[in-house]
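Structure, as structure tokens:
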Amino acid sequence: MGDDVNPLVLRVATLSDADILLAWRNDRETRRQSKSTDKVEQSSHVSWLTAVLNDDDRALYIGMDGDEPVGSVRADRDAEIWTLSWMVAPTARNRGVGRRIVDAMIARLDGEIRADVRIGNVASMRIAERCGMTQMDADNDFTYWRMKK
Ligand SMILES: CC(C)(COP(=O)(O)OP(=O)(O)OC[C@H]1O[C@@H](n2cnc3c(N)ncnc32)[C@H](O)[C@@H]1OP(=O)(O)O)[C@@H](O)C(=O)NCCC(=O)NCCS
């Protein structure tokens, strides 16, 4: 699924994406699957986004399907290891967007890439696998995925 639709383009996120990112982040399913499951308030979200956009060790992109923002993917670098996280707009799920934004992000990175996926997040585990990552470990809450490029 997803290979026969428009190519999906990643563009760098900006502060004007604050509202959509907050809406996606506070979506019930996103919260359920995130490390921090609390609802995020607008003021702390804008501070967080400003810090991310100004940090050379963090890359935040919006996946665009034509004119429609359909998801976001972030890469955080720590000691030369990139950790990825992603979310798809609630209205754009189940049509291959998740896999395509993660693929496009990985294409921009070199070195070691990781993702921590909550147990039960079957779609994200499948995304990690389809994008070339291998599950290295798991604990009670998370599965730990890795690849080298
Ligand atoms: C999880 C999430 C990213 C999935 O995005 P999506 O665009 O709907 O996923 P895709 O359509 O790319 O599907 C990914 C794969 O999972 C499969 N899949 C989806 N739901 C599934 C389910 N319930 N059970 C089994 N497989 C499932 C799809 O068939 C697809 O597999 P394929 O590539 O072999 O066809 C999206 O639902 C989301 O944003 N959820 C909330 C936030 C979140 O979970 N973020 C990830 C944190 S690591």
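Indexing begins at 1, ligand by ligand and atom by atom, following the structure's order. The first residue in the sequence is number 1, and the count goes up from there. Keep in mind the model is a prediction, meaning the values are calculated, not measured.
Checking T30, V102, D27 against atom 42 (C) of ligand 1, the nearest heavy atom belongs to T30. Selection from A128, S124, G98 by nearest heavy atom to atom 2 (C) of ligand 1 gives S124. Checking R100, R99, R25 against atom 12 (O) of ligand 1, the nearest heavy atom belongs to R99. Evaluated by nearest non-hydrogen atom to atom 15 (C) of ligand 1, the leading choice among R130, R126, Q33 is R126.
When only interatomic distances are considered, the shortest N/O to N/O separation between I127 and ligand 1 does not fall below 3.5 Å. Every N/O-N/O distance between E29 and ligand 1 stays at or above 3.5 Å.
For the atom pair CD of E41 and CG of D38, the computed distance is 9.5 Å after rounding to the nearest 0.5 Å. R99 contributes atom CZ, which lies 9.0 Å from atom CD1 of I127 (distance to the nearest 0.5 angstrom).
Between the side chains of S16 and T14, at least one donor N or O sits under 3.5 Å from an acceptor N or O. For the residue pair Y61 and R74, no side-chain donor N or O sits within less than 3.5 Å of a side-chain acceptor on the partner. With no hydrogens or angles considered, a side-chain donor-acceptor pair links W86 and S124 at under 3.5 Å.
Under 4.0 angstrom from ligand 1, the non-hydrogen atoms of V88 come from both its backbone and its side chain. Under 4.0 angstrom from ligand 1, the non-hydrogen atoms of W86 come from both its backbone and its side chain.
Ring-plane geometry between W48 and H45 is classed as parallel, the angle between the planes falling under 30 degrees on a 0 to 90 degree scale with a further cut at 60.
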